[in-house]
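One structure is given here, and the rest of the page talks about it.
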Amino acid sequence: MFYDTVWEYRDHRLVQRPDTDNYYIAWCRPGTGRFERRSTRTSDLERAKERLIQFVDRRRRPANTEQHEVAILACLTPYVERKIKDKRRKHPPELQALRNWLEFIRGNGLLTVSELTIEIQEEYIEWRRARIGSRGKPASNSTLNRDMQVLRAALNDARKRGRLRDVPHIVMLPKPPPRERVLTRDEFQRLLAGCHEPHLRLFVMLAAHTLQRPGAIFELRAEQVDLVTNRIDFNRPEEIRTNKRRAVVPITRTLRPVLEDAIEHTVCGYVVEWDGRPIRSVKTGFASACRRAGIEDASPYVLRHTGATLLAAAGVDLRQIAGMLGHTTTHTTEYHYAKHRPEFMAEAATQLDRIFAPPPLLPPPSDCHPNHRA
């Protein structure tokens with residue numbers, strides 16, 4: 001592919017190729033003799049010149065910290081490697097975020113942390129949003145925020161380890177409203193009937209009766225189930241505690257025989273297994289069961305939210321619900337589930353009735369009575 005030089009600025013060129021109207025920035029990487037190119041994402045010549053000047057000045061601007069010496073990938077790669085080392089997931093989100101950043105960094109000629117300006121981050125967001133995902137849809141704000149969170153966590157990790165003095169501001173997008181999907185009791189029974197595979201039915205039972213996240217259920221081993229004390233400890237001894245706490249929960253009478261059978265027949269030591277191996281996901285089977293049950297807009301996580309919501313609606317103390325969910329305080333539990341309790345703000349509503357109720361109607365004077373005769 002031939003590039004025609006249109007304009008030059010401080011050893012950098014503004015070039016254009018015949019198959020696109022957009023202009024490109026081209027420069028020779030020192031010590032390699034190899035030319036690098038980066039799109040200006042515009043076909044307007046004057047705007048392309050402005051972006052070339054900004055790009056060159058940003059690369060040559062002296063930093064007041066060591067950011068100009070620290071490579072972005074030197075922060076991202078070791079952080080992601082440590083995060084995914086002990087994870088059993090086949091495609092951990094941190095690894096996908098690293099791949100996305102790696103492609104963008106190489107495609108745009110970025111090197112150091114000092115180049116992670118807000119403008120560059122916004123370009124990354126536009127670039128990611130323009131790409132169609134595996135489901136045929138552009139990346140959502142939640143997906144984009146995950147990439148940005150991985151970058152921010154990697155930079156903060158580098159700062160804590162003494163490799164970086166300061167961390168630049170990382171752009172975050174507005175979060176979508178939380179999903180409020182809750183299954184009714186009838187929907188849950190239909191879902192359970194639609195689980196044709198034994199491991200899927202076991203997962204649904206565990207999720208509904210323990211309120212744990214799917215990941216904690218997939219990693220549950222037989223030795224974590226104590227049938228003597230009637231408890232399940234979802235915390236693995238070798239696991240490092242994170243913000244997503246795991247709980248110790250009681251075994252319900254309905255769940256106990258199901259657990260006993262699963263432990264008796266386990267092959268690999270995990271409670272939920274398929275063909276003698278632990279599983280990592282039930283999304284496909286869960287979606288099929290939902291279709292058979294006539295349930296829409298539901299994911300495996302909805303069972304946790306459903307259980308907590310129905311407990312709150314039944315008047316169960318929020319501290320017990322928080323304990324089941326693994327919340328260290330009741331603040332998160334109250335925020336999400338207090339509104340479902342029968343007595344939610346009942347006293348406040350009663351007092352508002354009393355305060356703003358209209359005055360009682362006074363009886364008319366005796367001389368104005370309709371039966372009064374003059």
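The model shown is predicted, which means the values in this text are computed figures rather than measured ones. Along the sequence shown, residues are numbered consecutively beginning with 1.
- The side-chain hydrogen bond (donor to acceptor under 3.5 Å, both in side chains) check on Thr266 picks up Glu273, with sequence neighbours excluded.
- Follow the hydrophobic side-chain contacts under 4.5 Å out from Phe344 and you never reach Val316; the two are in separate clusters.
- In this model, no donor atom of one side chain and acceptor atom of the other lie less than 3.5 Å apart for Thr306 and Thr309.
- Every side-chain hydrogen bond (donor to acceptor under 3.5 Å, both in side chains) that Tyr337 has, sequence neighbours left out, goes to His305.
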Checking Val302 against Val182 for the side chain to side chain contact (heavy atoms under 4.5 Å, CB included) test, could you report, in this order, the C-alpha distance in whole Å, the side-chain angles of both residues, the deciding distance, and whether it holds?
CA-CA 7 Å; Val302 78; Val182 176; 5.9 Å; no
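- Pairing each heavy atom of Leu200 with each of Cys195, the nearest pair is CG-SG, 3.8 Å.
- Partners of Glu223 under the salt bridge (charged side-chain N to carboxylate O under 4.0 Å, His left out) rule, at least two apart in sequence or in another chain, are Arg221.
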Hey, mind stepping through Arg47 and Arg51 against side chain to side chain contact (heavy atoms under 4.5 Å, CB included) and telling me if it holds?
CA-CA 6 Å; Arg47 183 172 297 178; Arg51 293 188 177 180; 3.9 Å; yes
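- Note on Arg38 versus Glu123: salt bridge recorded, some NZ/NE/NH1/NH2 to OD/OE distance being below 4.0 Å.
- Within 6.0 Å of the CH2 atom in Trp274, the count of heavy atoms belonging to other residues, nucleotides or ligands does not exceed 12.
- Under the side chain to side chain contact (heavy atoms under 4.5 Å, CB included) criterion, Ala208 pairs with Phe188, sequence neighbours left out.
- Taking the salt bridge (charged side-chain N to carboxylate O under 4.0 Å, His left out) definition, one finds that Glu343 meets it with Arg341, sequence neighbours left out.
- Here the side chain of Asn145 pairs a donor or acceptor atom with the backbone of Leu173 at under 3.5 angstrom.
- In this structure, Leu318 CG and His331 NE2 are separated by 12.0 Å, a value rounded to the nearest 0.5 Å.
- The backbone N or O of Leu73 lies less than 3.5 Å from a partner atom in the side chain of Thr77, making a donor-acceptor pair.
- Neither side chain, Ser142 nor Ser140, offers a donor N or O lying under 3.5 Å from an acceptor on the other.
- Closest heavy-atom contact between Ala312 and Ile321: N-CD1, 3.6 Å.
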Does the salt bridge (Lys or Arg N to Asp or Glu O under 4.0 Å) test come out yes or no for Arg99 and Glu94, once each step is laid out?
CA-CA 9 Å; Arg99 290 170 177 167; Glu94 294 88 355; over 6 Å; no
What pairs of donor and acceptor atoms, side-chain ones from residues 346-360 against any protein atom, are under 3.5 angstrom apart with sequence neighbours left out?
from, atom 1, to, atom 2, distance (Å)
Thr350, OG1, Ala346, O, 2.9

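- Not counting sequence neighbours, Asp21 has no partner by the salt bridge (charged side-chain N to carboxylate O under 4.0 Å, His left out) test.
- Smallest separation of non-hydrogen atoms from Glu115 and Gly109: OE1-O, 4.1 Å.
- Between Glu50 atom CD and Leu45 atom CG the span is 10.5 Å, to the nearest 0.5 Å.
- Annotation: side chain of Thr5 is not in contact with side chain of Leu14 (no heavy-atom distance under 4.5 Å).
- Atom CD1 of residue Ile72 and atom CD1 of residue Ile120 lie 8.5 Å apart, to the nearest 0.5 angstrom.
- Scanning both residues, Arg190 and Gly294, for their nearest heavy atoms gives NH2-O, 3.8 Å.
- For the pair Gln121 (side chain) and His169 (backbone), a donor-acceptor distance under 3.5 Å is present.
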Please lay out, stage by stage, how Lys83 and Tyr79 fare under the test side chain to side chain contact (heavy atoms under 4.5 Å, CB included).
CA-CA 6 Å; Lys83 291 292 290 184; Tyr79 170 78; 3.6 Å; yes
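- Applying the side chain to side chain donor-acceptor pair (under 3.5 Å) test to residues at least two apart or on different chains, the pairs with a partner in residues 147-161 are Arg82-Asp157, Asn100-Asp147, Tyr124-Asp147, Arg128-Asp147, Asp157-Arg161.
- Gln320 contributes atom CD, which lies 13.0 Å from atom OG1 of Thr330 (distance to the nearest 0.5 angstrom).
- For Met172, the CE atom counts as densely surrounded, since its 6.0 Å shell holds more than 12 non-hydrogen atoms of other residues, nucleotides or ligands.
- Once rounded to the nearest 0.5 Å, the distance linking CG of Asp4 with OH of Tyr23 reads 10.5 Å.
- Across all non-hydrogen atoms, the minimal contact from Ala313 to Pro342 is O-CG, 3.3 Å.
- Residue Leu191 holds its CG atom at 5.0 Å from CD1 of Ile295, rounded to the nearest 0.5 Å.
- Among residues at least two apart or in separate chains, side chain to side chain donor-acceptor pair (under 3.5 Å) pairs with a member in residues 198-211 are His209-Thr252.
- Of all heavy-atom pairs between Pro214 and Pro300, the closest is CG-CB, 4.3 Å.
- Phe55 and His12 have perpendicular rings, their planes meeting at more than 60° on a 0 to 90° scale where under 30° would count as parallel.
- Look at Arg131 and Glu103 and you find a salt bridge, because one of the NZ, NE, NH1 or NH2 atoms lies within 4.0 Å of a carboxylate O, short of that distance.
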Are Leu151 and Leu116 close enough, and set up right, to give a side chain to side chain contact (heavy atoms under 4.5 Å, CB included), and what steps lead you there?
CA-CA 10 Å; Leu151 175 64; Leu116 286 173; 4.1 Å; yes
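- Residue Leu202 forms a side-chain contact (heavy atoms from CB on, under 4.5 Å) with just one option from Asp261, Val258, Val282, and that option is Val258.
- Between the side chain of Gln212 and the backbone N or O of Ile217 there is no donor-acceptor pair closer than 3.5 Å.
- A side-chain donor-acceptor contact under 3.5 Å links Arg231 to the backbone of Thr229.
- Around CZ of Arg292, the count of heavy atoms belonging to other residues, nucleotides or ligands within 6.0 Å exceeds 12.
- No side-chain donor-acceptor contact under 3.5 Å links Asn22 and Arg41.
- Pairs passing the salt bridge (charged side-chain N to carboxylate O under 4.0 Å, His left out) check and including a residue from residues 313-326, sequence neighbours excluded, read Asp317-Arg319.
- Partners of Phe203 according to the ring pair (Phe, Tyr, Trp, His ring centres under 6.0 Å) rule, which considers only residues two or more places apart in sequence or in another chain, are Phe218.
- Formation of a donor-acceptor pair under 3.5 Å by the Thr40 side chain with backbone atoms of Tyr24 is not found in this model.
- Donor-acceptor pairing under 3.5 Å is recorded for the side chains of Ser288 and Arg291.
- Side-chain atoms of Arg256 do not come within 3.5 Å of backbone N or O of Ile251 as any donor-acceptor pair.
- By the salt bridge (charged side-chain N to carboxylate O under 4.0 Å, His left out) test, Arg304 is found to be paired with no residue, residues two or more places apart in sequence or in another chain being considered.
- Glu187 places a side-chain N or O within 3.5 Å of a backbone atom of Thr184 that can act as its donor or acceptor partner.
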